[in-house]
Amino acid sequence: MTAEHFVFRLQATDGGARAGTYCTPHGALSTPVFAPVGTLGTVKAVSPRDLIDVGASLVLANTYHLYLRPGDGLIRDLGGLHAFMGWEGPILTDSGGFQVWSLGSNSQVSDDGVTFRSHLDGSLHQFTPERSIAIQQNLGADIIMCFDELADPDDYAYSQVALERTHRWAERCLAAWKTGDSQALFGIVQGGIFDDLRQASARTLAAMDFPGYAIGGLSVGESKEEMYHTLEVVTPLLPANKPRYLMGVGTIEDLIHGVSRGIDIFDCVLPTRIARHGAALTQSGQINIRNAQYERDDRPLDPQCDCYACQHFTRAYIRHLSKSNEILASTLLSIHNLRTLIRLTEEMRAAIVDGSFQSYAAETLGRLKAVSP
RNA sequence: GUGGAUGUAGCUCAACGGCAGAGCGCCGCACUGUGGAUGCGGUGGUUGAGGGUUCAAGUCCCUUCAUCCACC
């Protein structure tokens, strides 16, 4: 049984797109897969039962936030994150590297690690690669991530400095990682939007033989063309028999472009965040359910959708809930948006298996463009 | 019927006789390894009506209407 864990089986390819399975101690992932984000050990507004209903198989939780509150030791003592949050499927934890960068100004980076102030109470803390791995071991996710350093994507000089540090930290994470049977450690390719740095990063990390590889530092302000180009540069240099995870992406469009360039795993806050702000993803693009035009609209959010929200409620009703700041609006829109992205991954997988991925991708992108400005 | 109070944006209310404003609502936009069900922008006026004083009136004076309160 243990031997099966963290084996990535490639089942079909279509152009650059891949369909596979990845075994974890809490179940197998069918790729391509989209992971809802549950930063604080909960996907906001959505219960684990709802997650099963929308077809979610992997959930992301966050090291930085859970370390600060309620504390990784507490979660370990209560049986680990799966038991704590009532989710029996696979979990992936971020390393905290992204928060240190995005919460930015009150942190200081050295070769040893990062000292930062808590956004909750201003207290001083330090993350090192070893500390990040120890916290992630306490949390007990199936997939854990190397502690990395991000740079602004168009700053070459600093991207180079951060990249070299990220590679040294990757070695230290590997050395600290002692849970190979129960947790897979993924390396993270960095290098901004610079081909030479990205290639160097992919080669360096591939040589370290991680169980899986992530591509980080994208969808942080660079153009879509730059992001897609970077994927084309990086994925051919990663081992074909290991899963590839594009961090923090994304949109319907980005998922299609990512899969076509060989990405297997995605996570993103977008579907649940925009849901709480009143937006629904549809086949033809994003709609703002709060707009006056939906006041008397008795259609579902997306007539093509098979989710609970679309099977039972009208746009008019969900608009009313959203305008009234009712909790159920966030829940229904989150369920719908998650189902939309997860169904997209399911359809892409089916298309890859039967060799029709190119036409599926073109058709789906075409529908989006038909309405986008 | 008598006395008093109040009438300003859709709502609640500001504005010394000197460019009529705020909050909320409404309308829209944004959100990509989630601190912040958030952030940003926009629309919105015969200052109840009519007259007068004044260089200038939401503001002072007169008339009128409406609403509320108290007392007959």
Side-chain angles (χ1 to χ4, degrees), chain A residues 34-46 58-69 91-107 116-122 132 136 141 143-150 153 166 186-190 213-224 227-228 245-255 257-258 263 265-281 286-295 319 321-334 337 341 373:
Chain A
F34 176 80
V37 176
T39 300
L40 292 168
T42 169
V43 178
K44 295 182 193 298
V46 179
L58 174 67
V59 171
L60 182 143
N62 194 271
T63 294
Y64 169 89
H65 294 287
L66 292 173
Y67 156 79
L68 287 179
R69 186 172 59 190
I91 297 176
L92 183 156
T93 46
D94 192 355
S95 67
F98 183 79
Q99 277 62 41
V100 163
W101 176 74
S102 69
L103 297 173
S105 52
N106 45 5
S107 66
F116 59 93
R117 290 197 176 276
S118 161
H119 70 281
L120 296 175
D121 62 8
S132 173
Q136 294 187 78
I143 299 172
I144 65 176
M145 303 301 299
C146 281
F147 189 60
D148 60 341
E149 185 186 9
L150 281 81
T166 290
F186 280 27
I188 306 178
V189 175
Q190 290 289 353
Y213 292 89
I215 301 172
L218 291 176
S219 68
V220 291
E222 80 286 359
S223 72
K224 285 192 183 296
M227 176 166 85
Y228 301 152
Y245 163 33
L246 177 55
M247 308 184 81
V249 170
T251 64
I252 291 174
E253 189 182 6
D254 290 347
L255 258 58
H257 284 287
I263 299 297
I265 303 173
F266 302 85
D267 82 280
C268 195
V269 115
L270 191 77
T272 45
R273 178 184 286 160
I274 68 175
R276 296 194 303 280
H277 301 164
L281 298 170
Q286 184 174 320
I287 68 171
N288 187 342
I289 200 61
R290 299 170 71 91
N291 288 4
Q293 70 184 105
Y294 304 118
E295 189 173 23
R319 174 178 193 270
L321 293 177
S322 181
K323 298 288 283 189
S324 306
N325 288 323
E326 280 292 339
I327 298 167
L328 187 58
S330 296
T331 297
L332 293 178
L333 284 164
S334 294
N337 287 346
L341 291 187

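Lettering of chains follows the sequences in order, A, B, ..., and the numbering in each one begins at 1. Given the structure is predicted, the values throughout are model-derived calculations rather than measurements.
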Just to be sure I understand the rule, does A:Asp267 reach a base, reach only the sugar-phosphate, or reach nothing, if contact means heavy atoms closer than 4.0 Å?
sugar-phosphate

Which whole number of Å gives the distance between the C1' atom of B:C40 and that of B:G45?
25 Å

Report the C-alpha distance between A:Ile252 and A:Leu341 in whole Å, list the side-chain angles of each, state the deciding distance to 0.1 Å, and finish with yes or no for side-chain contact (heavy atoms from CB on, under 4.5 Å).
CA-CA 7 Å; A:Ile252 291 174; A:Leu341 291 187; 3.7 Å; yes

Please test A:Ser219 against A:Met227 for side-chain contact (heavy atoms from CB on, under 4.5 Å), starting from the C-alpha separation and ending with a verdict.
CA-CA 7 Å; A:Ser219 68; A:Met227 176 166 85; 4.1 Å; yes

Base, sugar-phosphate alone, or nothing: which one does A:Lys323 contact when heavy atoms must sit under 4.0 Å apart?
sugar-phosphate

Check this for me: does the side-chain of A:Asp148 come within 3.5 Å of the base of B:G33 through a donor and an acceptor?
yes

Would you classify A:Ser330 as touching base, sugar-phosphate or nothing, given that sugar-phosphate means primed atoms plus P, OP1 and OP2, and contacts are heavy atoms under 4.0 Å?
nothing

Take atom P in B:A5 and the same atom in B:C11, then report the distance between them in whole Å.
24 Å

Could you give the CG-to-P distance, from A:Asn325 to B:U38, as a whole number of Å?
7 Å

A:Tyr245 has an atom OH; how far is it from atom C1' of B:U32, in whole Å?
11 Å

So, does A:Lys44 get its side chain near the phosphate of B:G36, meaning an N or O under 4.0 Å from OP1 or OP2?
yes

Under 4.0 angstrom, heavy atoms only, what part of the nucleic acid is A:Leu92 near: base, sugar-phosphate, or nothing?
nothing

Could you walk me through whether A:Phe147 and A:Ile188 pass side-chain contact (heavy atoms from CB on, under 4.5 Å), step by step?
CA-CA 8 Å; A:Phe147 189 60; A:Ile188 306 178; over 6 Å; no

Checking contacts here: which listed nucleotide (B:U34, B:G33, B:G35) is nearest the side-chain heavy atoms of A:Val37?
B:U34

Assigned partner base of B:G35, Watson-Crick or wobble definition, under 3.5 Å:
none

Please measure how far the C1' atom in B:A14 lies from the corresponding atom in B:U47, and state the result in whole Å.
13 Å

B:C62 and B:C68, which share atom name P, separated by this distance in whole Å:
25 Å

Does the side chain of A:Arg69 get closer than 4.0 angstrom to OP1 or OP2 of B:G36 through an N or O atom?
no

For atom P, what is the distance between B:U64 and B:C26, given to the nearest Å?
41 Å

Using whole Å, report how far CD1 of A:Ile274 lies from C1' of B:C29.
13 Å

Any base atoms under 4.0 Å from A:Gly217, or only sugar-phosphate, or nothing? Heavy atoms, all strands.
base

Using atom CD of A:Glu295 as one end and atom P of B:C26 as the other, report the distance to the nearest whole Å.
10 Å

Closer to the 5' end of RNA chain B via nearest nucleotide, is it A:Asp254 or A:Glu326?
A:Asp254

Would you measure the distance from the C1' atom in B:A15 across to the matching atom in B:A30 and give it in whole Å?
35 Å

Using both distances under 3.5 Å as the test, list the Watson-Crick or G-U wobble partner of B:G1, or none.
B:C71

Verify stack between A:His65 ring and B:U34 base, 5.5 Å, 30 degrees
no

Could you check how far CD of A:Gln286 sits from P of B:U32, rounded to whole Å?
11 Å

A:Leu333 has an atom CG; how far is it from atom P of B:C31, in whole Å?
16 Å

Phosphate OP1/OP2 of B:U34: any A:Asn62 side-chain N/O under 4.0 Å
yes

Rounded off to whole Å, could you give me the CZ-to-P distance for the A:Arg290 and B:G25 pair?
9 Å

Quick one: is B:C31 close enough that its OP1 or OP2 comes under 4.0 Å of any side-chain N or O from A:Thr251?
no

Examine B:C29: is either OP1 or OP2 under 4.0 Å from a nitrogen or oxygen in the side chain of A:Asn291? Give yes or no.
yes

Could you go step by step and tell me if A:Met247 and A:Asp94 meet the side-chain contact (heavy atoms from CB on, under 4.5 Å) rule?
CA-CA 9 Å; A:Met247 308 184 81; A:Asp94 192 355; 4.3 Å; yes

Atom CG of A:Leu40 and atom C1' of B:A37: how far apart are they, to the nearest Å?
14 Å

If you look at every strand shown and take non-hydrogen atoms under 4.0 Å, does A:Ile327 touch a base, only sugar-phosphate, or nothing?
base

With a 3.5 angstrom cut-off on both distances, give the Watson-Crick or G-U wobble partner of B:A15, or none if there isn't one.
none

Nearest heavy-atom contact between A:Ser107 and A:Phe116 is CB-CB, 3.8 Å

Answer with yes or no whether the side chains of A:Asn62 and A:Tyr67 bring together a donor and an acceptor at under 3.5 Å.
no

According to a strict under-4.0 Å criterion, is A:Gln99 in side-chain N/O contact with OP1 or OP2 of B:G33?
no

Taking atom P in both B:G4 and B:C61, what distance in whole Å separates the two?
14 Å

Touch check for A:Ile188, heavy atoms < 4.0 angstrom, all strands: base, sugar-phosphate only, or nothing?
base

For B:C24, give the paired nucleotide (Watson-Crick: N1-N3 plus N6-O4 or O6-N4; G-U: N1-O2 and O6-N3; both under 3.5 Å), or none.
B:G10

OP1 or OP2 of B:G39 sitting under 4.0 Å from any side-chain N/O of A:Arg276?
no

Using modelled atom types only, decide if a donor and an acceptor are shared between the side chain of A:Asp148 and the backbone of A:Thr166 within a distance under 3.5 Å.
no

Any donor-acceptor N or O pair under 3.5 Å, side chains A:Asp267, A:Tyr245:
yes

Quantified in whole Å, what is the P atom distance between nucleotide B:C29 and nucleotide B:U43?
16 Å

Check: A:Thr272 side chain, B:U34 base, donor-acceptor under 3.5 Å
yes

